[in-house]
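Scope of the values below: all heavy atoms of this structure, side chains included, with no hydrogens, waters or symmetry mates. Note on naming: letters A, B, ... go to the chains in the order of the sequence lines (proteins, then strands), and numbering restarts at 1 for each one.
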Amino acid sequence: MKLLTLNFLTCARKTCKTNPAAFPLHPREAELEQIEAEINPLLIQNLLPRINWEVLKTISQELGLPSLPESAPDSEDFMTEEGEPTQTLKDLHTLLMEMNVQNGKLVCGSCEHEYAIKEGIANFLLPSHMV
Amino acid sequence: MSRPEDILPPDLFYNDIESRKYTTNSRIKSIQASMTNRALELLDLDTPSLILDVGCGSGLSGEILSGVPEEHGGPHAWFGMDISSSMLGEALERDVEGDMLLADMGQGVPFRAGTFDAAISISAIQWLCNAETSDVTPEGRLKRFFDGLYASLRRGGKAVCQFYPKNPQQRSMISNAAIKAGFGAGILEDDPDTKSLKVYLVLTVGGGDVSGTVSRMSDVDVQDARRKDKKRGKEFERKGSKAWITRKKAQSEAKGKIVKPNSKYTGRRRKTAW
Ligand SMILES: C[S@@+](CC[C@H](N)C(=O)[O-])C[C@H]1O[C@@H](n2cnc3c(N)ncnc32)[C@H](O)[C@@H]1O
Ligand SMILES: [Zn+2]
């Protein structure tokens, strides 16, 4: 599961819908793996306004990754004059699209429900009394 | 042929053996691919987007989303949800690029508001009409799903769901649930009145290019539809032609079934895979 995905996933329980603590879900006992992916500058540029930078910082920190800049980069700084991806873009690509939580769990800050992650897939099935 | 939906719950039907058979069957693969391409055509995305694939299965559609070339506005990123761990296992083996959740769409869509540019679902949402336990109902599950889908799409976002309704009741139960959630909704039929009829529910969130809006659809005036019908010269109608579809629609409207108002999609033939 990519850090990109963790920037959007929320707790699935109805009772957590309106609780701000239900987002983001917090990774625990996470096994990280970097899986190479082809860089897609336009996609990252399109996604950037939707990325919650504070959340990205928090999750990176919780995963023990190097700390991120205070504020989100500007997509104007994504390409060199020669049209090559800049280091800024490459770093963001690595962080969002290549860093994966392969195993571990995600914990809701509101209800403390734990969603298990196995082989990169999170289990969001809820027993019906919790739906 | 009996419908899988009538045999077993989805996670049991799509067990290891069935999921492997499904994913390696070249006929299935080509049908699912052509429906995915049709959905993409309807979504009309012109730039790399973030897409939710509901009932993503083994990632047959996802692979196509990841493979849309730059000239056609891709490649797209996608997240998938599926209730069958065997189907997701097949996806893992095929090394698809999207992230996937083991999740029941009838329990909602666990992404924050405005996450997705678009959503697709191929051959899956009819399963929402099954309620496997006594504490849930199809209506409740449909509501949970469409409310969640609506919230997870950004304004101007679209969803295209190809599905296999069991009967006209199921078809309108599904489209009504989408409309109630707030979507602008329309139904598109490819190859109408043939064995390979394909039904696409086309949904938009506020202000998108929609073929039918909520108000226009719920305002369908039965009398009017019939009067319009009588005026149309039927001799010019070819089966499957725009006029024919329009007339069929008028008939359906007269029966009180939800059909989409006419649009640029009406009567367009399905394109083959790109
Ligand atoms: C015919 S397969 C289609 C798979 C994929 N969309 C494709 O086109 O190849 C139907 C899929 O819907 C999934 N499904 C059925 N009910 C579901 C539910 N309640 N939530 C999520 N997925 C479901 C099944 O597990 C199965 O993978
Ligand atoms: Zn929660």
Trainee: Identify which part of B:Phe111 has an atom lying under 4.5 Å from any heavy atom of chain A, answering side chain, backbone, both or neither.
Mentor: both
Trainee: Hey, does B:Phe79 have a side-chain heavy atom less than 4.5 Å from the side chain of A:Leu9?
Mentor: no
Trainee: Does B:Asp99 reach the main-chain N or O of A:Thr5 with its side chain, forming a donor-acceptor pair under 3.5 Å?
Mentor: no
Trainee: Under a 4.5 Å heavy-atom cut-off, does chain B meet the side chain of A:Asn40, its backbone, both or neither?
Mentor: side chain
Trainee: In terms of heavy-atom proximity below 4.5 Å to chain A, should B:Leu101 be classed as side chain, backbone, both, or neither?
Mentor: both
Trainee: How far apart are the C-alpha atoms of B:Asp104 and A:Phe124, what are their side-chain angles, what is the distance that settles it, and do they pass the side-chain contact (heavy atoms from CB on, under 4.5 Å) test?
Mentor: CA-CA 8 Å; B:Asp104 176 356; A:Phe124 269 68; over 6 Å; no
Trainee: Among A:Asn46, A:Asn100, A:Ile117, which has the most heavy-atom pairs under 4.5 Å with chain B?
Mentor: A:Asn46
Trainee: Among B:Arg144, B:Glu70, B:His76, which residue forms the greatest number of heavy-atom pairs with chain A at distances under 4.5 Å?
Mentor: B:Arg144
Trainee: Return yes when atom CD of A:Glu29 has more than 12 non-hydrogen atoms of other residues, nucleotides or ligands closer than 6.0 Å, and no otherwise.
Mentor: no
Trainee: Quick one: closest heavy-atom pair of A:Asn52 and B:Arg112, and the distance?
Mentor: N-NH2, 3.5 Å
Trainee: Would you name the heavy atoms of B:Glu97 and A:Lys2 that are closest together and state the gap between them?
Mentor: O-NZ, 2.6 Å
Trainee: With a 4.5 angstrom heavy-atom cut-off, is it the side chain or the backbone of A:Lys118 that approaches chain B, or both, or neither?
Mentor: neither
Trainee: Please report the closest heavy-atom contact between B:Ala77 and A:Leu43, naming both atoms and the distance.
Mentor: CB-CD2, 3.7 Å
Trainee: When only pairs under 4.5 Å are counted, which of A:Asn7, A:Leu25, A:Ile44 shares the most heavy-atom pairs with chain B?
Mentor: A:Asn7
Trainee: Let me know if A:Ile121 has heavy atoms under 4.5 Å from chain B in its side chain, its backbone, both or neither.
Mentor: both
Trainee: Check for a donor-acceptor pair, side chain of B:Gln107 on one end and backbone N or O of A:Leu125 on the other, with a separation under 3.5 Å.
Mentor: no
Trainee: For the CD atom of A:Glu119 and the OG atom of B:Ser85, what is their distance to the nearest 0.5 Å?
Mentor: 10.5 Å
Trainee: Against A:Leu42, only a single residue in B:Pro75, B:Pro48, B:Ser49 fulfils side chain to side chain contact (heavy atoms under 4.5 Å, CB included); can you say which?
Mentor: B:Pro48
Trainee: Any ion pair linking A:Arg50 and B:Asp117 (charged N to carboxylate O, less than 4.0 Å)?
Mentor: yes
Trainee: Quick one: what part of A:Ala37 sits under 4.5 Å from any heavy atom of chain B, side chain, backbone, both or neither?
Mentor: neither
Trainee: Please determine whether the number of non-hydrogen atoms from other residues, nucleotides or ligands lying under 6.0 Å from atom CD of A:Glu70 exceeds 12.
Mentor: no
Trainee: Examine whether an atom of A:Ile51 lies under 4.5 Å from a heavy atom of chain B, and if so say whether it belongs to the side chain, the backbone or both; otherwise answer neither.
Mentor: backbone
Trainee: Counting only heavy atoms from other residues, nucleotides and ligands, does the tally under 6.0 Å from NZ of B:Lys143 exceed 12?
Mentor: no
Trainee: Heavy atoms under 4.5 Å from chain A: which residues of residues 13-25 of chain B carry them?
Mentor: none
Trainee: Decide if atom NZ of B:Lys180 counts as having more than 12 heavy atoms of other residues, nucleotides or ligands within a radius under 6.0 Å.
Mentor: no
Trainee: For A:Gln34, does the CD atom sit with more than 12 other heavy atoms under 6.0 Å from it, leaving out its own atoms?
Mentor: yes
Trainee: Is there a side-chain contact (heavy atoms from CB on, under 4.5 Å) between B:Phe116 and A:Phe8? Walk through the geometry before answering.
Mentor: CA-CA 9 Å; B:Phe116 299 104; A:Phe8 296 105; over 6 Å; no
